[in-house]
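These notes concern the structure reproduced below.
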Amino acid sequence: MSIQVLGTGAYVPERIVTNDELSTMVDTSDEWIRQRVGVAERRVSVSENAAEMGAKAAQKALEAAGITADQLDLIVGATVSSDFGCPSMSAKVQELIGAGCPAFDVNSACSGFLFALDTAAAFVARGGIRYALVLGAERLSRILDWTDRSTCVIFGDGAGAAVIAPGENYLASHLYTQGGESVLSIPLGKGNSPFYEKDVAPLAVHMSGQETFKFAVKQIVGEIRLIAERAGITTEQIDYIVPHQANIRIIDLAARRLNVPMEKFVVNIERYGNTSSASVPISFDELVRSGRLKRGDLIALCAFGGGLSSGACLIRW
Ligand code: ACO
C-alpha cells in the first residue's frame, strides 16, 4: 500500500529581516546575498518556537485535508532547531493541535521532511493508519551565529506540513546518508559538564559552503534521476520539482544538468531563505495552493543537507 497527500499547510513568522538590515549587523551587502545565495529577505521568529510554528502549519494542512486533529493516527516531524530536546517537536505539536496519536521526530537536517514522509509512508504501508501528519518546522535563528556572515545570511524560520492517507500516489522514493560532520554540523555545546576531556564547539551551524554546494548539486541530479528510473518515467515527464531552497545557484545548476527548464522548479528562496526541513513542505504547499496543479501531475520533492543526507520522492497529484 502506498500513500496519497490529502492536504498541505505552511506557516512563517511575521518578522521580516531584509538583507539591508543584516548589513547593519555583519559585513555583507544586499547585492552579495542576492547574487551568491538568491535571498532577498527571510522570516525570523521573535516569540514562537519550532513546535508552535509547526502546529500552525499543521492546522492549515488538516483544514486542507478536511479532517480534524483527533482523527490523526500518527505524527512524524523533522527539526534540528527545536527549543527542547524533550518533548520532541512533534509531541508538542500533538498537544497544541489536540491530537491523541503517537508523535516523534526524525533528524536529517534539511532532508528531514523527506525522511519523515518516507517513515510515515512505511507506517501507512504496515497498515492500521488512516491519517498521518508529516511536518518540518525550524527556528534556525536560535542556532545561528549572528556574527558569522557566511551562515547567518542564508537561513530563515518557518514550518510546513502535509496530511497523508493510504493511496496509490507515492510512486517512488529514495533516502541517502553519508555520515560525518566535517562538511556540515550543528554542535550542541557541552553544557556545564566538568567531565568532558575535549573542547566542544559552541551551538551554531558550521558549514563548509563550497563542499555543501557540490554535494547538493550532485545529489539533486542523482536523486531526481533515480526516482524517475524507479517509477519507470523519464525526467522530462516530471511536471514540477520542489527542491530544498538552499541557494538559487544550486537549483539553477541542477536544472541545467538535468536539462529541465527552471519553470518546472518551485522557487521561493528569495522570500524565505533556507528553512532547512521546513523548506520542501513550505514550497510544496505554495505549489499546491498556486492552483497550477492538475490531477495526475507528477511532482518530485527533493532535499539535501546535514548528515550528510539527501532524499527524493515522486508523487502523482
Ligand atoms: N557577504 C559578503 N561576503 C561574503 C559573505 C557574505 N554574507 N559570506 C562569505 N563572503 C565572502 C567570503 O569571505 C569570501 O571572501 P574571500 O574571497 O575574500 O575569502 C567570498 O565571499 C567567497 O566565499 P565563498 O564561501 O567561496 O562563497 P560561495 O560563493 O561558495 O558562497 C555559500 C557561499 C552561499 C555558503 C555557498 O557556498 C552555498 O550556498 N553553499 C551551500 C549551502 C547549502 O546548500 N546549505 C544547505 C544545507 S544547510 C543544512 O543542512 C543545515
Side-chain angles (χ1 to χ4, degrees), residues 17-42 50 78-82 106-116 136-158 175-188 201 203-221 223 243-254 265 267-270 272-283 302-311:
V17 177
T18 63
N19 292 343
D20 285 337
E21 182 174 354
L22 274 183
S23 307
T24 66
M25 298 161 59
V26 288
D27 182 13
T28 190
S29 67
D30 179 52
E31 189 191 6
W32 193 94
I33 303 170
R34 278 180 198 263
Q35 279 181 4
R36 305 304 298 168
V37 194
V39 182
E41 60 186 40
R42 72 285 295 141
T79 189
V80 289
S81 55
S82 180
V106 301
N107 175 342
S108 214
C110 303
S111 315
F113 185 78
L114 273 299
F115 278 67
E138 303 284 4
R139 188 183 195 174
L140 295 167
S141 54
R142 71 178 289 281
I143 60 167
L144 293 174
D145 176 354
W146 287 93
T147 65
D148 174 12
R149 69 176 181 174
S150 68
T151 51
C152 76
V153 304
I154 296 173
F155 298 96
D157 298 338
L175 303 176
Y176 173 78
T177 301
Q178 179 187 312
E181 72 275 12
S182 59
V183 177
L184 219 171
S185 68
I186 308 173
L188 296 177
L203 172 67
V205 175
H206 297 261
M207 181 172 68
S208 163
Q210 292 188 3
E211 289 305 309
T212 313
F213 195 104
K214 284 182 230 160
F215 174 77
V217 176
K218 183 164 123 308
Q219 293 310 111
I220 293 191
V221 173
E223 295 281 6
H244 173 42
Q245 312 284 316
N247 187 317
I248 190 65
R249 291 184 295 131
I250 291 174
I251 299 173
D252 195 50
L253 205 52
F265 282 79
V267 178
N268 58 27
I269 187 172
E270 192 183 343
Y272 302 134
N274 176 346
T275 55
S276 192
S277 72
S279 153
V280 166
I282 289 174
S283 309
C302 179
F304 52 84
L308 295 171
S309 63
S310 64

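Both counts, for ligands and for their atoms, begin at 1 and track the order of listing. Everything numeric here is computed off the predicted structure, so don't read it as measured data. Index from 1, following the sequence.
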When only distance counts, is [X] in polar contact with ligand 1, meaning an N/O pair under 3.5 Å?
X    : result
I250 : no
N247 : yes
R149 : yes
Q210 : yes

Please state which part of [X] comes within less than 4.0 Å of ligand 1, counting heavy atoms only: side chain, backbone, both or neither.
X    : answer
L184 : side chain
T28  : both
I33  : neither

Quick one: which ligand 1 atoms are inside 4.0 Å of a heavy atom on [X]?
X    : value
V153 : 7 (N)
G306 : 50 (O)
A246 : 43 (C), 44 (O), 46 (C)
G305 : 50 (O)
V37  : 34 (C)
R36  : 29 (O)

Check for a donor-acceptor pair, side chain of [X] on one end and backbone N or O of [Y] on the other, with a separation under 3.5 Å.
X    : Y    : result
N247 : R36  : yes
T28  : R149 : no
R42  : V17  : yes
S111 : L114 : no
S82  : A50  : no
S309 : S108 : yes
W146 : S141 : yes

Which is closest to [atom] by heavy-atom distance: [options]?
atom                    : options               : result
atom 31 (O) of ligand 1 : E211, Q245, R249      : R249
atom 21 (O) of ligand 1 : F215, W32, F304, F213 : W32
atom 40 (N) of ligand 1 : G209, S23, G38, S29   : G209

What do you think, any protein heavy atom under 4.0 angstrom from [atom]?
atom                    : answer
atom 46 (C) of ligand 1 : yes
atom 3 (N) of ligand 1  : yes
atom 26 (O) of ligand 1 : yes
atom 14 (C) of ligand 1 : no
atom 19 (O) of ligand 1 : no

query: Just wondering, are more than 12 heavy atoms of other shown residues or ligands nearer than 6.0 Å to CD in E21?
result: yes
- prompt: Would K218 and F304 count as a side-chain contact (heavy atoms from CB on, under 4.5 Å) if you check the C-alpha gap in whole Å, the side-chain angles of each, and the deciding distance to 0.1 Å?
  reply: CA-CA 10 Å; K218 183 164 123 308; F304 52 84; over 6 Å; no
How far is [atom] from its nearest protein heavy atom, and which residue and atom is that?
atom                    : answer
atom 43 (C) of ligand 1 : T212 CG2, 3.5 Å
atom 42 (C) of ligand 1 : M207 SD, 3.6 Å
atom 48 (S) of ligand 1 : C110 SG, 3.5 Å

Any side-chain donor near an acceptor of the partner, [X] and [Y], under 3.5 Å:
X    : Y    : answer
E41  : T18  : no
E138 : T275 : no
N274 : H244 : yes

- request: Output, in order, the C-alpha distance, side-chain angles, deciding distance and verdict of side-chain contact (heavy atoms from CB on, under 4.5 Å) for Q245 and I251.
  value: CA-CA 8 Å; Q245 312 284 316; I251 299 173; 4.0 Å; yes
query: Where do V80 and S276 come nearest, in terms of heavy atoms and distance?
result: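 V80 and S276 have their closest heavy atoms at CG2-OG, 4.1 Å.
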query: Run the side-chain contact (heavy atoms from CB on, under 4.5 Å) check on V153 and V39 step by step: do they pass?
result: CA-CA 8 Å; V153 304; V39 182; over 6 Å; no
Please determine whether any non-hydrogen atom of [X] lies less than 4.0 Å from an atom of ligand 1.
X    : answer
V205 : no
S150 : yes
I154 : yes
F155 : yes

- request: Go through I143 and V205 one step at a time and tell me if the side-chain contact (heavy atoms from CB on, under 4.5 Å) criterion holds.
  value: CA-CA 6 Å; I143 60 167; V205 175; 3.9 Å; yes
